[in-house]
Amino acid sequence: MDRPEEKENELSNWPYMSLASLSTSFVAKLTTVGIIWGWGYMNFSLAWLIAPVVLTVWRTERKKDHELKRLMAQATALSKEKDVIASRMDELPSWVYFPDFDRAEWLNKILCKVWPSINHFVRDLFKSTIQPAIIQSLSEYKMKGFQFERLVLGRIPPKIYGIKTYDKNTSRHEIIFDVDILYAGDCDISFSVGNLKGGIKDFQLRGLMRIVLKPLIPVMPLVGGVQAFFLNNPAIDFNLVGAADILDFPGFNDILRKIITQQVAARLVLPNKIIVPLSEDIPSEVLKMPEPEGVLRIHVVQAKHLMKKDIGVLGKGKSDPYAIISVGAQEFRTKTIDNTVDPKWDYWCEAVIYSINLQEIELSLWDWDPNVPGIQFDDFLGRATIEVSRVKKKGTIDTWISLELAKHGMVHLRLSWLQLSNKISDLPAALKETQQLRVTSMSTAILILYIDSAKNLPCIRGSKQPDVYLEASLGGKTERTITILRSCDPVWEQGFTFLVANPETGTMSFKITDEKSGMIVGTMNFNISTLLEKANFELKQSPFDLEQSGRESKLIMSMILKILKYEQPKVSSDDEDDPDNFESQPKIERQGSTISNLSSSVPPSPLKKQSSKESLQSAGSNASVTGVGGGGGTNISTVPEVPTPISEEPIIRETITSQTSSVNPNLVHRHPSFTSSTGESKLGRIQLTLQYSEPRQKLFIHVHKVAHLPLPQNDPHNIPDPYVKLYLLPDKHKETKRKTIVIKDNCNPIFDEKFEYIVSQGDINSKTLEISVCTQKAWLSTGNNIMGQIHIDLSQIDFSQSVTSWFDLQPEIKD
């Protein structure tokens, strides 16, 4: 709250503030008029003014859009719950959508009280820790002299949107709960980079933070320590002000955003944690020793039908795609493949997983462009996410995933879950598997390392104590501890994990260095095969002699080795409703009946160009399935008919399959892959699978195929080049547009493409899915290209199971 004295001073200074603002506005407008007059006086071409004017307008509109989003977030953080519920649905807190998240208004009131004290703590943290890290990061971009000049977090505290406490699948010695947190404060941060001065305002951060209280002890304070961390990278946004605002485009904002995200990830995102010991009786090793739950093996195979972002000679060219894979703070990047929208990477990587529940694998695709050093020009091609828990449950997932935030595009991923074992008998199988994969970067074991301390290190230059840090290296990966100032007996208490290619031959090296002089204080090499001879592959708080040091110098550490083991999980009845069944191999289901184990059918013959419309559309008719046209239900009726002879060159062949004895023998179904009906409007039909996942808040659409598209009456020899276009109404704009590939010269195209929309459970009943079957226009052609269209009212769909059906195409409905 503002003090009365401050408000009084503001009111008394208002005339002067208004006069200053008026003077600034007058000078700015006078300068603009002078520049335009001088431009005409010097007879310069007005064409030179077009680019600066366009750039200025674009920057102004972009700034307004960002400002509006930040103001809305701040209003949400300050508002009461009733006001939040009355606002936009996508801004609702977690407890509205998820019943297992509890409201936490009591905690928000506590945060409001302690926020001034947190201000002081964060200011000291930025000065001592964040500032040196930013200086080091900016040095990569040839920027020097960075320092914070003012750090005020403002009066708006973080907002807790919900708390979820876990009571299952947790140890009895720990308490785990997740906190949905939003910070959209009125911070005031100013900094300088050399002679450039700028600032950050309206900083925003939102993510899911996990709090772990462990171990539980029978004496006060009842908990041995607290761990806090984000499961995935939180969403970050901010606004540059001051002289730095001039560099808001094209690159300084991107550099600063990247550095801030890296610093948040390096301290708060798994495997990094904030750890606060609460009891001196609990060894720090219990709290700070890494605890991986398994290893995720990721194979990015390829992508297809990506957006074209490069500029070609005759319009849009292709793209130069690459992929970035993120699992918490771990990040991997594929190679860049030039000039293609169907890249094949065949890229392998492995991520250590510390929390199965709610952690995600995020894959983002980018179009590489030549960059000015430190400035990002790469274009975004879309992203895909998969929950780690799904991979663990299935053991292996091999699937094509539609890209989010993109008009079209899919990526092919293979994911495998590797468990941790302490049995020596599992090592030969792990070694054999990596040899069969023939990928040199694959691992067979994981080493968990805890660096406790060092003893009796030698002094530097006489009696001066060193400022030491330790580096541990294995297989090309190096981890570094913090620097302990002026100590011959440093205590680090830090843990790391390393993936091991072969524990029988691997060697880990250690090096202790004085930071100021760069002088090596001590070294040591450790053969990992030594752990294979120990009970449970463990060494606890063991001292090791250091080389290049005094005789009494010791390094004290703990190590645990785990073998990576793949084990096929047991199939449960719950797997039938798993979203993977839709993404990898969709189920064929119809309302009112169950269809399973359908007999195989003759595949459709490839379409050939015919001499007439009649020969193209000749096909047998042996069944009739009435789908849903423009209105939206899924009322499917199936009527058996006697097969009739088919022509010599059928477009689509059909099979009639009877049900088993457990189902009504008079009920006959056609194989879902084929149809002969041209639809109610004689415009053809489209086969779709629809599924909605409540836990993931996603709508899945699988476009299987289109059948019996008509030929133009005025040109029966002009076979269409069809593709399917989707919109999620009423939001008909590029963000909800999805599009399949174009199939040339085909009246019965098979697309087999999957698409996703992120739709909240509260919004799904207010949406309508518009699907249009279009034909690609010829160059310089005009007119409408929509051949048929359907509108599916999602409120009429029963999403208790996936729905697969044929839909009659209807004439286009004009907006």
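Computation of the quantities below employed the complete heavy-atom set of this structure, encompassing side-chain atoms and omitting hydrogens, waters and symmetry-equivalent molecules.
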Please enumerate all residues that pass side chain to side chain contact (heavy atoms under 4.5 Å, CB included) together with [X], with sequence neighbours excluded.
| X | answer |
| --- | --- |
| Ile135 | Gln131, Phe146 |
| Asp452 | Tyr450, Glu493, Gln541, Ile556 |
| His412 | Val301, Gln302, Asp398, Trp400, Arg414 |
| Leu216 | Ile175, Val223 |

Run the ring-ring contact (aromatic ring centres under 6.0 Å, His included) test against Trp345 and tell me which residues pass, sequence neighbours left out. none
Identify, with sequence neighbours excluded, every residue that meets ring-ring contact (aromatic ring centres under 6.0 Å, His included) alongside Tyr166.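 Scan of Tyr166 (ring-ring contact (aromatic ring centres under 6.0 Å, His included), adjacent residues dropped) gives none.
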Note, [X] side chain near [Y] side chain (heavy atom, < 4.5 Å):
| X | Y | result |
| --- | --- | --- |
| Ile356 | Ser389 | yes |
| Met209 | Ile211 | yes |
| Leu564 | Thr444 | no |
| Leu413 | Ile361 | no |
| Phe380 | Trp366 | yes |
| Pro277 | Leu287 | yes |
| Lys562 | Phe537 | no |
| Asp186 | Lys201 | no |

Going from [atom1] on [X] to [atom2] on [Y], what distance comes out if it is rounded to the nearest 0.5 angstrom?
| X | Y | atom1 | atom2 | result |
| --- | --- | --- | --- | --- |
| Asn119 | Arg155 | CG | CZ | 12.5 Å |
| Ser558 | Glu285 | OG | CD | 3.5 Å |
| Leu268 | Leu231 | CG | CG | 12.0 Å |
| Glu331 | Asn233 | CD | CG | 8.0 Å |
| Leu403 | Met410 | CG | CE | 8.5 Å |
| Leu415 | Thr396 | CG | OG1 | 9.0 Å |

I'd like to know if the side chain of [X] reaches the main chain of [Y], judged simply by a donor and an acceptor atom lying under 3.5 Å from each other, with no hydrogens or angles considered.
| X | Y | result |
| --- | --- | --- |
| Asn108 | Ile160 | yes |
| Thr434 | Met442 | no |
| Ser171 | His173 | yes |
| Asp237 | Gln204 | no |
| Glu362 | Ser326 | no |
| Tyr692 | Val759 | yes |
| Asp426 | Ile563 | no |

Do Asp731 and Thr736 meet the criterion of a side-chain donor-acceptor pair at a distance under 3.5 Å? no
Atom of [X], atom of [Y] and distance for their closest heavy-atom approach:
| X | Y | result |
| --- | --- | --- |
| Leu278 | Pro221 | O-CG, 3.7 Å |
| Gly224 | Ile282 | CA-CG1, 3.9 Å |
| Pro321 | Leu381 | CB-CD1, 4.0 Å |
| Val269 | Pro234 | CG2-CD, 3.9 Å |
| Pro271 | Gln330 | CD-CG, 4.4 Å |
| Gln494 | Ile482 | OE1-N, 2.7 Å |

Please verify the inter-ring angle class for Phe203 with Tyr183; under 30° counts as parallel, over 60° as perpendicular, anything in between as tilted. tilted
Intermediate values then yes/no, side chain to side chain contact (heavy atoms under 4.5 Å, CB included), Tyr347 and Phe332: CA-CA 10 Å; Tyr347 176 78; Phe332 311 91; 3.5 Å; yes
Start with the C-alpha distance between Lys164 and Leu208, add both sets of side-chain angles, then the distance that settles side chain to side chain contact (heavy atoms under 4.5 Å, CB included), and finish with yes or no. CA-CA 10 Å; Lys164 177 181 179 180; Leu208 193 66; over 6 Å; no
Decide, yes or no, whether a salt bridge links Glu293 with Lys392 under the criterion of side-chain N to carboxylate O below 4.0 Å.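 No salt bridge links Glu293 with Lys392.
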Under-4.0 Å salt bridge between Arg297 and Glu350: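 A salt bridge is present here (some side-chain N lies under 4.0 Å from a carboxylate O).
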Salt bridge (charged side-chain N to carboxylate O under 4.0 Å, His left out) against Lys335, all qualifying residues, sequence neighbours excluded: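 Not a single residue meets the salt bridge (charged side-chain N to carboxylate O under 4.0 Å, His left out) criterion with Lys335.
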Between Ile298 and Val327, does a side chain to side chain contact (heavy atoms under 4.5 Å, CB included) hold up when you go through it step by step? CA-CA 11 Å; Ile298 304 170; Val327 184; 4.2 Å; yes
All side chain to side chain donor-acceptor pair (under 3.5 Å) counterparts of [X], not counting sequence neighbours:
| X | result |
| --- | --- |
| Thr481 | Trp492 |
| Ser279 | none |
| Arg333 | Thr336 |
| Tyr469 | none |

Write out all pairs satisfying side-chain hydrogen bond (donor to acceptor under 3.5 Å, both in side chains) with one or both partners inside residues 264-277, taking only residues at least two apart or from two chains. Gln227-Lys273, Gln263-Arg267
Can you list the steps and then say if Leu358 with Arg210 is a side chain to side chain contact (heavy atoms under 4.5 Å, CB included)? CA-CA 10 Å; Leu358 294 182; Arg210 175 158 295 178; 4.1 Å; yes
Please identify which of these residues, Ile446, Leu449, Thr497, Val352, meets the side chain to side chain contact (heavy atoms under 4.5 Å, CB included) condition with Pro290.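 The single option meeting the side chain to side chain contact (heavy atoms under 4.5 Å, CB included) with Pro290 is Thr497.
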Verify salt bridge (charged side-chain N to carboxylate O under 4.0 Å, His left out) between Arg480 and Glu471, making sure each step is shown before the conclusion. CA-CA 5 Å; Arg480 171 178 165 167; Glu471 290 180 318; 5.2 Å; no
Tell me if the aromatic rings of Tyr566 and Trp417 count as close, with their centers under 6.0 Å from one another.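 No.
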